[in-house]
Amino acid sequence: MIVLNLPEIEKKWQKKWADTGLYKFDKNSDKPKKYVLEMFSYPSGANLHVGHWYNYGLTDVYARYSRMKGFNVFHPMGFDAFGLPAENYAIKTGIHPKDSTLKNIETMERQLKEMGASFDWDYEIKTCLPDYYKWTQWCFVQLYKRGLAYRANAPVNWCPKCNTVLANEQVVDGCCERCGTPVIRKHLTQWFFKITDYAEELLDGLDKLDWPEKTKLMQKNWIGKSTGSEIKFQVVGGGELSVFTTRADTLYGCTYVVISPEHELVDSLTTPEQKKAVEEYKLYAAKASEIDRLSTTREKTGVFTGSYAINPINGRKIPIWAADYVLASYGTGVVMAVPSHDERDFEFATKYGLPIERVVEKLREDQDDTLPFVEYDGKLVNSEGFNGLTVTEGKKAITEYLEKNGKGNFKTTYRLRDWLISRQRYWGAPIPIIHCPKCGDVVVPEEDLPVELPYDVDFTPDGTSPLAKHEGFMNCKCPKCGGDAKRDPDTMDTFVCSSWYFLRYPDNRDSEKAWDPEIINRMLPVDKYVGGAEHACMHLLYARFFTKAFRDMGYLNFDEPFTSLVHQGTILGPDGEKMSKSRGNVVSPDEYISKYGSDAFRMYLGFGFAYIEGGPWNDGGIRSISKYLDRVERLVDKVYSGKDENDPSKDSKELLFIKNRTIKAVDGDLDTFSFNTAIARLMEFTNALYRYTEGSYDIEVAKDCIRTLLLLLAPIAPHFSEELWERTGGEYSIFNQDFPKFDEKHLVMDEITYPLQVNGKLKDRFALPADYSEEQIREYVLDKYSDIFEGMEIVKLIIVPKRIVNAVIRPKK
RNA sequence: GCGGAUGUGGCGGAAUUGGCAGACGCGCUAGACUUAGGAUCUAGUGGGUAUCCGUGCAGGUUCAAGUCCUGUCAUCCGCACCA
């Protein structure tokens with residue numbers, strides 16, 4: 001017997017699949033479409049790692065399964081090719097990001113093909129090429145025209161020694177990862193996308209999505225809707241401060257106001273006497289790293305600005321402090337401090353000797369209302385006409401009172417912030433904006449796109465955006481007035497590239513427009529999106545925002561980009577830690593693939609882990625998969641050898657039951673990415689076939705079961721199944737066959753084995769015809785187990801037909 | 001600190017959603033075949049000096065709990081004083 005050599009036959013079938021165009025997407029098919037998409041990958045230098053295989057190999061199982069289930073599957077692949085790593089690599093080695101990236105892409109394309117994944121490469125995209133980023137820039141232009149892109153001051157991480165902007169990832173313990181200098185925050189004028197305009201819809205839309213609940217919860221918390229009140233405080237000596245609060249009921253207890261030290265009004269509020277102290281404090285706050293500043297254990301700090309505000313409810317004069325426990329980016333950047341009913345305010349007031357005055361009392365005796373009393377179960381006191389109201393009533397009444405007097409209103413705020421997209425980097429899509437001394441910010445006309453990224457750029461970090469040093473790039477004419485102007489030297493966040501790539505795939509060669517609405521309205525939304533959970537709040541939210549914004553501009557007609565979402569787990573190193581070069585625990589698939597074949601490798605990934613959990617790598621099981629495939633091959637050859645004795649009278653009932661049960665289970669499991677149980681069921685089916693084919697048996701039945709087994713196995717081990725399918729005389733290709741259907745009539749059991757529990761403990765088992773009624777079961781049990789019930793009182797006899805029998809008994813008195 | 005998730009044999013993991021815990025596989029033990037075995041096949045395999053105990057731990061609900069509730073511990077992930 002010749003045992004097939006998987007690595008060899010894999011090459012053969014890959015070639016045949018390519019030659020026959022098996023995975024070419026048929027635009028004109030009348031089957032229902034299914035858009036199956038993995039989050040595209042970043043072309044890093046190394047070979048495909050185990051994580052890629054886990055993501056792409058197993059989603060390919062789903063794509064092939066869907067195809068056999070009768071869908072017209074669209075399964076494209078591309079590369080998220082801009083980004084920091086290529087630029088850092090270039091700084092270190094001098095190899096240009098474009099060269100290294102394109103080379104990496106080539107390697108990955110080859111490896112993905114060797115994986116045997118059913119991508120249609122005709123639809124490939126690479127975000128770093130002008131024919132793609134032209135349209136990324138076009139997206140920017142549309143958002144700009146729609147009023148969804150704006151420029152504002154925003155802080156960046158700045159290393160004073162390297163003179164460069166750092167990504168969060170480059171800040172380690174508050175210091176620059178390269179030189180160890182403490183990082184400070186520096187303000188730059190940067191571009192934002194107004195995602196907050198869509199906060200409400202982004203929140204509402206979650207309900208309709210077939211996404212993991214935890215992901216939806218994370219997005220919900222990230223958007224962070226909060227309903228409360230906006231209250232205006234007059235500043236003594238002129239001006240006004242607006243605060244947001246969820247506790248308007250405590251307004252009488254507000255004894256001071258706190259403003260974020262970065263707030264634009266801080267300077268004007270600071271009196272000459274306090275100027276030095278406030279300036280020092282601002283510096284202190286700017287130096288403190290995010291982590292330090294936001295740590296709970298860190299002592300609250302602040303400084304008096306010298307100014308006072310008027311509490312609008314009682315006309316009281318209260319001091320205005322600046323403190324970094326208030327964030328400029330949330331609410332209005334100003335807080336009304338009620339130390340008696342807020343933990344942070346209490347701590348701060350205690351430290352600085354500010355007044356603490358109770359305005360809420362407990363409602364019930366069992367409550368502990370020591371200050372700070374933050375419970376909502378309370379009633380108002382020391383609040384003049386509002387005394388006696390509950391917290392909820394008080395919020396409403398006080399805000400209504402303020403509203404009547406023009407001093408406040410109800411307000412909803414979101415934790416979600418606008419999306420800062422400017423990056424002071426080279427390797428990204430240039431922002432298509434021209435700064436004209438006369439006309440201001442001018443958007444590049446669409447016919448002038450793309451704004452090409454120049455190749456000959458000095459990207460050593462020296463305090464200036466790399467593009468800013470490139471005269472040829474920077475100098476241009478203003479599209480409005482024709483005068484000398486400068487380009488925006490920044491590039492876009494790579495999340496911009498990945499916020500619309502799924503729209504580009506179906507129409508990736510279009511040179512006239514970003515996408516053809518007619519095509520994408522037909523092809524989108526993505527029916528199954530697969531990728532890591534780490535993108536729950538950023539990428540997945542940005543992509544939803546883009547979809548909604550372009551829908552409102554009339555470029556597409558659906559509300560959500562990804563109908564159904566699956567997160568694959570993470571494969572960790574054998575040590576249980578995240579795989580990383582620095583830890584030295586990276587597992588390369590290459591060796592396993594050349595030894596066992598890509599089918600065995602992907603099948604092991606499916607079998608050895610719960611897909612959405614992932615877990616530490618362990619190669620103990622890969623051999624067993626290889627052995628399993630050998631076992632299937634031996635079975636096929638045995639049944640098709642013509643040497644076994646045919647016995648058409650053999651009882652096939654059990655085998656047919658298992659066959660149909662297996663079809664049903666595998667179908668359901670593949671649909672829900674439960675690859676491990678699907679494979680377990682296939683093994684059981686195989687074991688049953690081995691039992692059946694001992695001695696003589698009905699060869700036709702066995703052959704039929706084997707064809708079913710191969711069809712079920714095909715999505716999981718495509719090359720192997722195609723090879724054996726051919727060996728059984730099956731028509732090319734196995735992937736053009738229908739996924740097997742089960743027949744309910746073989747799943748009907750004549751007999752059920754019941755467990756008998758006595759007082760909840762298993763005592764025995766008995767078999768009864770499946771159609772026995774509860775009453776018949778009762779009679780049978782009382783009769784059969786009369787010895788157990790002898791001298792006992794049967795308190796209850798619980799009978800769940802087709803499930804279980806439980807007798808609750810106790811000794812007779 | 002807050003939030004989320006997870007916790008089941010020596011190991012990876014199942015468990016029809018409240019109904020026989022440990023499917024399937026690895027590993028291990030014994031045996032068969034064999035010149036040989038990292039091949040193949042067969043049997044066994046949660047623990048326990050066996051009417052018992054077992055899903056991190058302690059309670060609770062229920063005829064019945066891995067599953068629901070309360071508390072608690074551990075690990076991982078996310079977020080960062082959210083007013």
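As a basis for the values below, the full set of heavy atoms in this structure was taken, side chains included, without hydrogen atoms, waters or symmetry mates. All chains are named by letter (A, B, ...) in the order of the sequence lines, taking the proteins before the strands, and each is independently numbered beginning at 1.
- Separation of the P atoms belonging to B:C73 and B:C24 is 39 Å when rounded to the nearest angstrom.
- B:A21 and B:U29 have their C1' atoms separated by 24 Å, given to the nearest Å.
- Using a 4.0 Å heavy-atom distance criterion, A:T332 is classed as making no nucleic acid contact.
- Nucleotides B:A80 and B:A14 place their P atoms 32 Å apart, quoted to the nearest Å.
- In this pair, A:Y352 and A:F348 present their aromatic rings tilted. The plane angle is within the 30 to 60° band.
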For RNA chain B, the dot-bracket pattern of Watson-Crick and G-U pairs whose distances stay under 3.5 Å, | for other-strand partners: (((((((..(((......[....)))((((((.......))))))((....))..(((((..]....))))))))))))....
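- At a threshold of 4.0 angstrom between heavy atoms, the contacts of A:N676 are confined to the sugar-phosphate backbone, with no base atom among them.
- B:C24 atom C1' lies 13 Å from atom OH of A:Y604, rounded to whole Å.
- Shown are A:T250, A:T245, A:D249; of these, the side chain to side chain donor-acceptor pair (under 3.5 Å) with A:R247 is made only by A:D249.
- Here the separation of B:A83 from B:G7, taken at their C1' atoms, is 36 Å to the nearest Å.
- Within the nucleic acid shown, A:D345 has no heavy atom closer than 4.0 Å to any nucleic acid atom.
- Atom OG1 of A:T570 sits about 14.5 Å away from atom CH2 of A:W617, to the nearest 0.5 Å.
- For A:E240, the side chain to side chain donor-acceptor pair (under 3.5 Å) partners two or more places apart in sequence, or in a different chain, are A:Q234.
- Glycosidic conformation, B:U17: syn, with the torsion inside 90° of 0.
- For B:A36, the base is anti relative to its sugar; the glycosidic angle deviates from 0 by more than 90°.
- Taking atom OH on A:Y596 and atom P on B:C26, their separation rounds to 13 Å, with Å as the unit.
- Looking at heavy-atom distances under 4.0 Å, A:L217 makes contact with sugar-phosphate atoms alone, never a base.
- In this structure B:G54 sits in the anti conformation; its chi angle is more than 90° from 0.
- A cation-pi arrangement, defined by a distance under 6.0 Å to the six-membered ring centre and an angle within 45 degrees of its axis, is present between A:R415 and A:W222.
- Comparing B:A23, B:A39, B:A83 against the side chain of A:T677 picks out B:A23 as the nearest.
- Residue A:V808 is in sugar-phosphate contact alone, with no base atom involved, counting any heavy-atom pair closer than 4.0 Å across all strands shown.
- Within a 6.0 Å radius of CG in A:L762, other residues, nucleotides and ligands contribute more than 12 heavy atoms.
- Nearest heavy-atom pair, A:A717 versus A:M603, reported as atom, atom and distance to 0.1 Å: CB-SD, 4.2 Å.
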